[in-house]
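Lettering follows sequence order; numbering is per chain, from 1.
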2 protein chains.
Amino acid sequence: MEWLETRELRYFTAVAEELHFGRAAERLGMAQPPLSRAVQRLERRLGVVLLDRGRHGVALTPAGAVLLDEARATLDAAAAAARRTRRAVEPGGRLVLAVKANGAHDLLRALLDAYAREPDAAEVEVVLCGIGEDERMLRDGRADAALLHPLYSSLAGFDSEEVLTEEQVVVLPAGHPLAARTSLTLAEVADVPGLPAARWPLRDGGYPPGPGPEVRDLSQLAQLIALGRTSTVIPASARAWLWTAHSAVPLVDAPSVTTHIAWPPQSRSRPLAALVRTAVGLGREA
Amino acid sequence: MEWLETRELRYFTAVAEELHFGRAAERLGMAQPPLSRAVQRLERRLGVVLLDRGRHGVALTPAGAVLLDEARATLDAAAAAARRTRRAVEPGGRLVLAVKANGAHDLLRALLDAYAREPDAAEVEVVLCGIGEDERMLRDGRADAALLHPLYSSLAGFDSEEVLTEEQVVVLPAGHPLAARTSLTLAEVADVPGLPAARWPLRDGGYPPGPGPEVRDLSQLAQLIALGRTSTVIPASARAWLWTAHSAVPLVDAPSVTTHIAWPPQSRSRPLAALVRTAVGLGREA
DNA sequence: CCTGGTGATACCCGGCCGGTATCGTCCCAG
DNA sequence: CTGGGACGATACCGGCCGGGTATCACCAGG
């Protein structure tokens with residue numbers, strides 16, 4: 001068997017992401033020629049052309065796209081291996097729980113309270129993450145578990161259990177006419193003039209097109225709502241961050257959102273198992 | 001970030017599995033001193049002692065056990081990366097389906113027939129595997145999908161769907177008194193003198209203790225049953241391999257067995273999606 | 001006390017990894 | 001049409017590291 005080294009995978013990943021040898025080399029802190037050679041050697045050893053060096057710069061071949069996916073997974077696994085090994089000798093058996101900032105605040109409180117009463121409980125360090133960062137932290141071993149929403153994060157490759165399913169509400173400026181209603185539909189809030197939905201950044205950092213304001217974090221969003229410039233749809237439990245200038249109205253036809261607790265496959269630690277058990281139990285009684 | 005190379009992980013894995021530097025070096029096709037140095041360097045870079053070099057040979061530390069798990073996962077990912085990339089350029093988009101030999105024969109037939117009629121179908125290569133080999137093939141990228149039984153294989157790290165749940169039957173020599181019954185319980189077949197349950201090899205190649213005969217494949221088992229020396233409990237659908245000298249009697253209290261179809265996370269190919277859809281559909285209508 | 005077995009150390013060599021300099025090619029400006 | 005700039009590939013070189021052999025250090029057992 002011919003083995004791929006993580007160095008080669010790091011190099012290829014950098015080039016595949018930058019689609020530019022010079023910039024990739026800079027990102028890797030090295031010169032461009034050795035990078036070119038390393039990628040050529042990788043292609044030779046695999047017997048597969050990974051990149052089209054065309055006139056218009058560099059492009060991924062289909063095989064290259066496959067390797068990019070696989071290389072990312074492999075590098076995550078390698079990073080996780082190093083981190084988890086180092087953590088294994090640290091005292092105290094702390095658990096790191098990754099949670100999206102401002103999401104499911106009540107659930108998190110309840111989970112931490114209930115877990116603290118478990119016999120197998122370990123100290124829990126909660127890490128509040130930005131969009132998509134919770135999933136990354138779990139994938140590369142910085143976190144031992146995460147509360148994820150399958151809409152935003154992929155559960156692929158993790159073990160997971162459902163914890164809580166909840167309806168969504170629309171958050172409106174408190175004075176808005178619709179804020180007086182006891183329930184609304186998606187169609188009603190979609191058609192309101194002057195309240196275009198806010199736009200969140202995509203994975204690549206760009207924004208989808210549309211009339212609404214671009215927001216990057218919740219405090220921006222909250223202020224824009226309070227100013228009467230936009231509205232947003234959130235899970236009911238996220239009401240924790242509402243201002244007095246906000247009104248939340250239940251949506252009768254919005255898809256419900258489910259929070260899962262996810263952890264790396266093959267994890268066998270007792271404190272983690274207890275955390276999962278606690279979370280699932282919370283979901284059942286709620 | 002300090003990165004682990006797959007070479008180092010291969011070396012450590014070999015030593016951790018052999019618990020002997022000399023044998024590990026031999027298995028790796030290298031001399032012992034460079035292997036010792038490589039593992040020392042790995043320990044130094046991680047800042048973690050992985051092995052106890054005691055007077056009574058080598059033993060894993062707890063951190064070493066963690067790394068062994070993680071290293072295996074990483075090496076599987078790296079092997080899968082190479083294989084899937086190479087396969088991406090092969091023509092025809094063949095799918096490799098790993099199945100435990102002799103398991104769920106009817107289901108497999110039905111699946112292949114139904115899949116061949118799907119619009120997105122690709123050519124399917126069926127690989128019959130020994131115990132646990134199906135899971136390995138899926139983990140290291142030799143297979144694109146597998147029919148797995150969670151009792152024998154871990155689904156951790158895969159995406160999977162339930163396909164079929166079935167009861168189990170006990171297979172007895174045709175002339176045996178109990179073979180005339182229309183149903184039996186586990187207790188009844190456990191207590192039969194002269195028919196001790198056969199013993200299958202464990203992961204490490206050894207056998208669990210017990211009075212029954214040691215078997216390594218189904219033909220051995222079948223012959224031993226036909227000779228009236230043992231009996232076995234199997235899913236009902238495995239009746240395909242029964243001899244005329246065998247009798248199958250339903251067990252009323254054996255745990256039912258569920259077959260899952262599993263595939264690597266993040267797989268997005270249309271032929272694979274069609275295969276999964278076909279399999280799940282089969283399970284529903286059955 | 002010697003001997004066999006095992007892992008660590010000492011020392012050496014070749015290859016590869018990464019650096020600098022330069023080339024070939026394409027695109028575009030003028 | 002031509003010169004220049006951008007970009008990846010090639011040529012060449014030096015140092016480090018991975019791997020080899022020889023040997024040491026330590027322990028168990030006769």
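Under the rule for a side-chain contact (heavy atoms from CB on, under 4.5 Å), Ala273(A) has no partner lying at least two apart in sequence or in another chain. Annotation: side-chain contact (heavy atoms from CB on, under 4.5 Å) contacts of Val49(A) (sequence neighbours excluded): Glu43(A), Thr61(A). Partners of Arg270(A) by side chain to side chain donor-acceptor pair (under 3.5 Å), not counting sequence neighbours, listed by chain and number: Asp120(A). Remark: Arg86(A) engages no residue in a salt bridge (Lys or Arg N to Asp or Glu O under 4.0 Å) (not counting sequence neighbours). Partners of Ala16(A) under the side-chain contact (heavy atoms from CB on, under 4.5 Å) rule, at least two apart in sequence or in another chain, are Phe12(A), Leu60(A), Leu68(A). Residues that satisfy the salt bridge (Lys or Arg N to Asp or Glu O under 4.0 Å) test with Asp52(B), not counting sequence neighbours, are absent from this structure. Checked against side-chain contact (heavy atoms from CB on, under 4.5 Å), Pro62(B) has no partners two or more places apart in sequence or in another chain.
Between Arg41(A) and dC16(C), a side-chain N or O to OP1/OP2 separation shorter than 4.0 Å is absent.
Put simply, CG on Leu28(B) is 15 Å from C1' on dG20(D), counting in whole angstrom units. Atom P of nucleotide dA8(C) and atom CZ of Arg44(B) are separated by 12 Å, given to the nearest angstrom. With rounding to whole Å, Arg7(A) atom CZ is found 11 Å from dC17(D) atom C1'. The CG-P distance, from Leu42(B) to dC17(D), rounds to 15 Å in whole Å. Atom CG in Leu35(B) sits roughly 13 Å away from atom P in dG18(D) (whole-Å rounding). Protein atom CD of Glu8(A) is 12 Å distant from nucleotide atom P of dC16(C), rounded to whole Å. When rounded to the nearest whole Å, the span between OH of Tyr11(A) and P of dC16(C) equals 15 Å. Nucleotide dG18(D) holds its P atom 12 Å from the CZ atom of Arg10(B), rounded to whole Å.
An angle of 10°, rounded to 10°, separates the two end axes of the helix from dC1(C)-dG30(D) to dG30(C)-dC1(D), each defined over five pairs.
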Reading nucleotides 5-13 of chain D from 5' to 3' and marking B where a protein heavy atom lies under 4.0 Å of the base, S where only the sugar-phosphate is that close, and - otherwise, the string is --SBBB---

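Minimum heavy-atom separation, Phe21(B) to Ser36(B): CD2-OG, 3.4 Å.
Using a distance-only test at 3.5 Å, with no hydrogens or angles considered, a donor-acceptor pair links the side chain of Arg199(B) to the main chain of Pro208(B).
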